[in-house]
Structure formats: C-alpha cells, structure tokens
Amino acid sequence: MSDVLILNGRLVDPASGVDAARDLLLRGGRIAAVEVPGGFKGVKVAETIDAAGMVVAPGLVDVHVHLREPGQTYKESIATGTAAAAAGGFTSVVAMPNTVPVNDSVAGLEWMLDATRGACVKLFAMPAATFGSMGEEITDFHELRRAGAVGFTDDGKPVLHDRVMREALVAAAGIGVPVSQHAEDTRLTGGCSMNAGPVAFRLGLRGMTVEAEARIVERDIRLLRDIERHDGLRPHLHVQHVSTAKAMDLIRGAKAEGLHVTCEVAPHHFTLTDEAIGDYDSNAKMNPPLRNDADRLAMIAGLMDGTVDCIATDHAPHALFEKEQEFERAPNGITGLETALGLALRVLHKGHGMTLRRVMELMSAQPAGIVSLEGRGTLKVGSFADVVVFDPVAEWSFEAKRSRSKSRNTPFDGAPMLGRVAFTLSEGRVVFKG
Amino acid sequence: MTPTIQGAVKSLGYAAGSLLTVTSLSVEDVAAILAATDRIERMADAERVRLLAGRRIALLFYESSTRTRTSFELAAKSLGAITTLVSDKSSSIEKGESLKDTGLTLRALGAECIILRHANSGAPYLLAKSTGLPVLNAGDGMHEHPSQALLDLRTILVRVPGLNAGRIDEKTLAGVTVVITGDILHSRVARSNAMLLPRLGARVLLCGPKELLPESALGLGAGVEIERDFDKALKQAQVAMMLRIQRERLAGLELDLGDYIARYQLNEERLAACAPGALVMHPGPMIRGLEISGEVADGPNSAIEEQVRHGLSVRTALLVRALSTGGFESVTV
C-alpha cells in the first residue's frame, strides 16, 4: 500500500481534541504521523492530496445500513452500497441483518463479511438478535461475536416479547456489545403507513402514534434497570432511529439515571416532517415515519444537547417498481448514505449553529464508540487511515440519478446540501474522489 | 427556525381535467363545473350524446360500488362515449398486475380518461402520474370522493331555501351549517365535503364518537369544527349528512352498536325535536336502522335519492371537463 500525504487541510478530529491546520501521513493503511503544516517537507510519497480549504476528518461511521445482500441484490449489493457509502464520506458501515435469508448464523455472517463481496469501505454487521428475526429465540451471541458481530438487532421489527428482549440484553451484556432496537410496538401500528396526526387524517392514511415508539423505549429502559439491579450486569441498549420527542425524553431520563443507553437519529428525521409526503410520495415513506415539526425540532434539540449519540442513515434502498405502488403498499425506507453529511452540515451546522467538531463527533467518533470499532472514528497516530476530505462551504444539489447506490428512492432528489466530499480514503486507499 | 428542505421536493403535474382532490379546485372551477352541469342537463338527448361521441373512457374499479360506478357509466354513455369497465375481480389485477401497468394497458388500448375507485388512499395520484391521462377519483380509500362532494353541493344549493344557486362564490353557503355525523375517520365523503363546503362559506360541524372522529380531523381546514353531542349539533343544522359505519375499514375497532344508535341515529323523534327543517342527506350505502331510521330516509326532509340524480348530472360535467382540452367551451349553449 502506497504512502499518502494529505496537506494544507483543517483537521477536525474530535476524539483527539484537534481542530487545527494539520498535515497527515498515511502509511500501511494507518495514520503514520500528524504534523503542523509543512512538517512533512521533503517526505516522498506516491500520492499527495491538497486539502487546502478543506476539512480533513475521520471517515464517517454509519451504524445502520441495509445493503440487501444476500437475497435482494436488485435493490443493492454490498459492492454498490459501500460505493455509495464512500461517495458520502463513510468508511465504516454496519449492515443490518434483514437480508434474505436473515443473517442469523455464523456461516451467514462470515459470508457477508467475506472480502469477495467487494466492499470498498470497511464492512461490519449486526446479526439478528433472534432466529429469523422472528422474536422468539435468541441467536448464538457468543459464536456470532467471535465471527465479528458488533451488536445484535432484529431491525425492521422490534424484539417485542419482554422475556426475549431481556435474554438478549443479558446475553449481549456478557460480551460487551449493544442490542440495537427498532422501537415500534407493532401491536399498535397494524395497517399504518405514516405518522398519526392531521396530515395522516387529511390523506386518509392510518397513522403510527408516538406511543408506539415510546412504549418500546420505555419497556427496554425498564428491562435495563431490572437487569442492572438483579443480574449485576450492565447491558447496553442502542435505540435506533429515534423519531419522537417522547422517546427522546425517555432516553434523556435513562441517561441521567446512569443506564447504558445510546441512540441514533436519521438525517430525514431532523430535516423533514410528514408534510413532505405531499401527494403520496412513497419516497417520503419510511419506518419510523416522518413526524411533525415539534418532533423534528426535538431531534435537533437531542442532537445539540448530547442526548443523541450519533447520526445514522438507515440507508434502505428499494427498486423503482416497488416504490411505484400505492402509498400503503410501497415498502418503507429511503437511501441515505450520500445525503447524510450534506444534510447534517446544512441543517445542524449552518441552520442550528452546531459546531463542525460536534457534527463530526456524531458521525465518526461516537458511532465508532457505540459498536467499539478499534482504531476507527479518529485520526490519532496508529489508527486506520479512514479519512474524509470535504469542502465545508460547498453548496450543491443532490441528484438521485447520479447516486452510486443501485436504487434511487430518496426524498432529497434536487435538495440543497452543504459540504461536498472531495476524497474518501479507506485504510489509506482512495475509494472516492469527488 | 431552519427552513426545511421540503420546498425543494419535486412535485409532478397531473393531466388537466383530472380531479383527484377537491382541494385542487378553485371556487371558479366549482362554479364552472356546476354551470356546465346545468347546461348539459338542459340539453336534448340528441345534442348531449354528441359531446363526447366516440371518446373512450375506462372505469377501473378496485372496490365494489353501485351508485358511483353506474352513474359515471350512465353519464359517459349519455355523452356518447364508449366505456369499458375493468374490475379487480375479473382482470389481470388478480394475477398481480400493478396499478401502473393496468393504467398503461388501458392507455395503450385507447382510453383517454380513467375513472378510478380504489381501496388505497392516494391511488389516483399514482395512476395519473403513471399514465399522464386525466384521472377522475371515484373514491380512494379513506381519502376523498370529490364527485360526491360536488353532487352534495348541488343538492344543497337546490334544496336549502334561500340560497342563490346561480352565484357561486365564497359566500354562497354563508349561514349554512352542515352537520356530518358518524364514521368520519373512515369516510372519504366526509373529507371531501369538509374541505369543499367551507370554501363556499359553509360551516361544517363534524359529529361522532372519538373512535370515529379524532381531534386531528380539525386539520382539514378552516370552517371545520367538532361537536360530539349529536342533539346539540343538529340544533344548528340546515343540513344533516349521515354516514355509514364502515365495518370493512374498522380494523379491529369495536363499537357498542346499541350505544351508537342511541347517541347518533337520526330518527324521526330526534329530527322533529332538533332540526325539523333540516335537509337530510346520505351518500349511501345506508344501513337503515343503524345510522338512520327508515322513516327519516324516506321522509320529506330526505334528499337521498335526489343526491343520486345530481350525481349523474355532475359526473357528465366532470367527464366533459376531463376530455375537453379547452375546458368547457365545447358545451357552451
């Protein structure tokens, strides 16, 4: 692997507390040295990246993506999904297990993580928490962890039964990984295709209530407390794609209580409201659904005050023919890897005054911490040379037709973005050039 | 506050002459539709039959219907159009053909306009986008039934005393309170009426139990209010519009029907006590003995059959509007 110098950039590395002009030397896929500008004068390398005017930051980490392989490669593959990740500045992604078949075995996990799948950034996976994600019997956490699992989830569905969720939390606590929960009480959301409220009423669509999300978060927090008290363990609950003020408040309370809870928010939930559905645009349909503006602002408040640990895309590609159906029949989900940074900078940094350092922390250091990725989410010397170089003031519009993803299901086609990725490097290799 | 990005989201146009929602109609559009209805109604049969002679209209019905389907079909035939009926029960829809492909097939066969009844809210938008044809929404899920609201409006204009049916503007229905009672949650008729009638000056009072009438209904717009006490609502009514409980859409919701009848049935005693002069309407199908007593349905206040007749007339105008590129010029008398 050839050496790379990244010169003249502004290094923003929250994990090491650096926000200053720095040059970087990448060698052997690792960060070999970090120097003040000019410090590498005379050093000969194969490739030099001039990052003048650019931010140089740890490659972004997404703990929640759907890559659709195996089984649904007409929507996405590991190769195309990770190419989209690279284009969005991501260098580590965590694949959800709702593939066909469900990733619930060591063999399935090893197949997914195999180099021949062609991932162009570092791929991690969360296997299913229960066999077939049926919510009945937990999978072999120990063996799966040994094979590389970074957490467990039945994403797309909740682990509904108290007993099963408790078992999962206990088993995961024993090996130090999170159980990542899709918080939706599906007993309350049958037939629902959007957020409950005036917009759903006007459109004649059945709505998912705020309670359906809050009830599962509340139950899971209760289980954490109970396990800490009675089992002497400290389980880690990660709440996926929080979308309601009510769930956010519950998580804030649990953190104040000292329980080990982390959570993520998706860019669409801090950018859009259910009004974006317009004339039944199925590209604005996902689960959890777009909520009202008070909920949207509560997501931003949580991101600002530290309640939210990370931004995760819930990148969920679907083929055009699947989205070109009656709204209620169209599948849930939107792509998100190529729009996450542009939206975070536009809405959070420019719109709400969040520091660049905090945005980077939410998209690299903290998500890497949630799933304990050694040597990632930071550019400290010795870490993996996972780097994103972006122009923080570039304004541009996202064009779905230019996406690296196989699918085009996004409500952000034509939407303004702030901050454009110029280079993405995964372990020292340039995997995207803007 | 940060502007959201919603403004940048692309919206696609629909063919002129489509009627997907009453909210797309200006008051002038409503006036033009009603004026055309009058003109077409007055025409001699031989003249009317030339208006859309030989034009091809497809009726695409994914849900059962008596009134709407028959009246659209008879309306089309009275204009000389060729109609074809496709229903989900006897077509390739049963084999899994998508709405988009069904629409494209009808277009390839020469359909110039599609009338769609569908169980999913919003389906007409998808069909209109996919085919580029004018689409008339003949009822989509719980969303809207625009032609029903227009025929209800015409019925009100003809039957409620003191209204100037010849002048349609923002004040035409000033002073008129329309009480819509029953299963509002599942009713596309309620939504279309509640969004159309206030724009002509009416006050719409929605009435029903919480399970069938959530507070979020107030989001339908200005001029819409909720009064849960049926007697109190009726006392203010010039028009009492009753709705069927849609058992097929209740989705597990359980209602005590005896209690419902006691609180919300429109019967002779209640009508005499609260609103002896009110016009009684029902979009059908009605369940006699449940939301309305047979005596009231057949009584002197009832406009139920008249609504059906107005439906036929209004739909002729909607079809002419859908198929004439220049609006209503082709029907000027």
Side-chain angles (χ1 to χ4, degrees), chain A residues 190-194 196-207 267-268 270-284 290 293 296-297 300 320-322 324-330 339 342-343 346-348 350-353 397-398 400 410-417, chain B residues 1-14 20-21 23-24 62 98-101 103 116 118-130 139-145 184-188 190-192 194-195 206 213-221 224 249-252:
Chain A
C192 296
S193 57
M194 67 172 292
V199 181
F201 190 89
R202 177 164 51 75
L203 293 173
L205 295 170
R206 295 177 196 275
H268 45 273
F270 64 67
T271 306
L272 300 176
T273 68
D274 53 6
E275 296 278 0
I277 290 167
D279 292 347
Y280 303 90
D281 181 1
S282 61
N283 282 334
L290 297 173
D293 206 45
R296 185 184 75 86
L297 293 172
I300 293 173
L320 179 62
F321 77 88
E322 296 172 307
E324 268 189 334
Q325 291 191 83
E326 295 85 336
F327 190 86
E328 289 167 293
R329 298 178 64 170
T339 47
L343 292 171
R346 183 178 184 277
V347 177
L348 302 176
K350 187 181 178 196
H352 285 265
S397 293
F398 178 66
T410 169
F412 297 116
D413 189 15
M417 303 279 145
Chain B
M1 165 197 144
T2 317
T4 58
I5 285 173
Q6 320 207 48
V9 173
K10 287 177 184 168
S11 86
L12 296 159
Y14 305 100
L20 309 176
T21 164
T23 59
S24 68
Y62 285 74
S98 70
L99 178 59
K100 173 177 174 162
D101 286 324
L116 178 68
H118 201 288
N120 288 124
S121 298
Y125 292 87
L126 175 65
L127 185 69
K129 255 183 244 177
S130 310
D140 61 329
M142 302 169 358
H143 175 229
E144 278 216 48
H145 197 348
I184 311 287
L185 175 62
H186 301 109
S187 174
R188 50 200 176 208
R191 283 178 182 74
S192 285
M195 292 193 283
L206 301 175
L213 173 56
E215 292 289 323
S216 54
L218 291 172
L220 290 177
V224 178
R249 296 189 221 272
L250 284 184

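Quick note on labels: first sequence line is chain A, next is B, and so on, each numbered from 1. What's counted below: heavy atoms across the whole structure, side chains too, no hydrogens, waters or symmetry copies. Predicted, not measured: the structure shown is a model, and the values here were computed from it.
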Quiz item: Who passes side chain to side chain contact (heavy atoms under 4.5 Å, CB included) against A:S282, sequence neighbours left out?
Solution: A:K323, A:F327, A:A330
Are [X] and [Y] packed together at the side-chain level, in the sense that at least one heavy-atom pair is separated by less than 4.5 angstrom?
| X | Y | value |
| --- | --- | --- |
| B:S121 | A:L205 | yes |
| B:L218 | A:F201 | no |
| B:S98 | A:F321 | no |

Quiz item: How far apart are the closest heavy atoms of B:Y14 and A:D279, and which atoms are they?
Solution: OH-OD2, 3.0 Å
Practice problem: Could you tell me which non-hydrogen atom of B:S216 sits nearest to which non-hydrogen atom of A:G197, and how far apart they are? | Solution: CB-C, 3.7 Å
Practice problem: Return yes if some donor-acceptor pair links the side-chain N/O of A:R202 with the main-chain N/O of B:G221 below 3.5 Å, else return no. | Solution: no
Quiz item: What part of B:L127 is in contact with chain A, defined as an atom under 4.5 angstrom from a non-hydrogen atom: side chain, backbone, both or neither?
Solution: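 Neither part, no heavy atoms under 4.5 Å.
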Quiz item: Given a strict heavy-atom distance threshold of 4.5 Å, which part of B:I184 is in contact with chain A: side chain, backbone, both, or neither?
Solution: both
Quiz item: What residue among A:E326, A:E324, A:Q325 forms side-chain contact (heavy atoms from CB on, under 4.5 Å) with B:K100?
Solution: A:E324
Practice problem: Please work out whether the ring planes of A:Y280 and B:H143 are parallel, tilted or perpendicular, with thresholds of 30° and 60°. | Solution: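 A:Y280 and B:H143: perpendicular rings.
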Quiz prompt | Donor-acceptor side-chain pairing of B:Y125 and A:D281 below 3.5 angstrom | solution = no
Quiz item: Which residues satisfy the ring-ring contact (aromatic ring centres under 6.0 Å, His included) test with B:H186, sequence neighbours excluded?
Solution: none
